[in-house]
Amino acid sequence: MPNYWLMKSEPTTYSIFDLEKAPQKTTCWEGVRNYQARNMLRDDIKKGDLVFFYHSNTKPIGIFGTAEVVRGGYPDHFQFDPQSKYHDPKAIQDNPRWYMVDIKHKKTFSQPITLEALKHIPGLENMKVIQKGQRLSVQPVTAKEWDIILKIA
DNA sequence: GCCAACGTTGGC
DNA sequence: GCCAACGTTGGC
């Protein structure tokens, strides 16, 4: 059984439409610089897991589609790249601090499921993304939540 | 653009 | 190891 996740992105930085157009419809999910999210990327997110692609800081906010993890956690090489905005001068080569995964586009919903809509769907009351102050850019999603949302999409 | 939430840093 | 200051996220 795959596990389910939700990943946030600001569409001005990287949108689901960018992912659709990417070579092999695949991209690496770099730049996560939060330890809780890092732990999930490094330890928990495996090849074959499924992901909701969420647009934040935009209009409308919400889940725009799905993607599949095609490569599980591996070191985010941008931490070692002084040119990158994700460079981390404290990161050590043989003990990487930050991790990323590769995801491949699966589906763009015909209509995004907005944050506002998510708040009113029965069964999603405990979903992390609708909780106030929930800032993690990578979040676990339960199988039940996944099913409810896919049925509506 | 504001600001609440909350993670991180660093002085002590 | 506490906690104030500071920075960032992200909804509104």
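Chain letters run A, B, ... following the sequence lines, proteins first, then strands; residues in each count from 1.
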So, do A:Thr26 and A:Arg71 sit near enough that their side-chain heavy atoms are less than 4.5 Å apart? no
Using 4.0 Å as the upper bound for N to carboxylate O, is an ion pair formed by A:Arg97 and A:Asp88? yes
When the nearest nucleotide of DNA chain B is assigned to A:Lys90 and to A:Gln36 on a heavy-atom basis, which residue is associated with the more 5' position? A:Gln36
Which parts of nucleotides 6-12 of chain C does protein reach within less than 4.0 Å, heavy atoms only, written one letter per nucleotide 5' to 3' as B for base, S for sugar-phosphate only and - for none? -BBBBBS
With a 6.0 Å cut-off on the ring centroids, do A:Tyr35 and A:Trp98 count as close? yes
Protein-nucleic acid N or O pairs under 3.5 Å, nucleotides 2-5 of chain C:
none

Taking the side chain as every heavy atom from C-beta outward, state whether A:Thr66 and A:Leu50 have any atom pair closer than 4.5 Å. no
Going by ring pair (Phe, Tyr, Trp, His ring centres under 6.0 Å), A:Trp29 matches just one of A:Tyr99, A:Trp5, A:Phe53. Which one? A:Phe53
Are any non-hydrogen side-chain atoms of A:Val32 and A:Met7 less than 4.5 angstrom apart? no
Specify whether A:Phe52 and A:Trp146 have parallel, tilted or perpendicular ring planes, treating 30° as the upper limit for parallel and 60° as the lower limit for perpendicular. parallel
Start with the C-alpha distance between A:Asp102 and A:Tyr74, add both sets of side-chain angles, then the distance that settles side-chain hydrogen bond (donor to acceptor under 3.5 Å, both in side chains), and finish with yes or no. CA-CA 9 Å; A:Asp102 289 354; A:Tyr74 66 103; 2.5 Å; yes
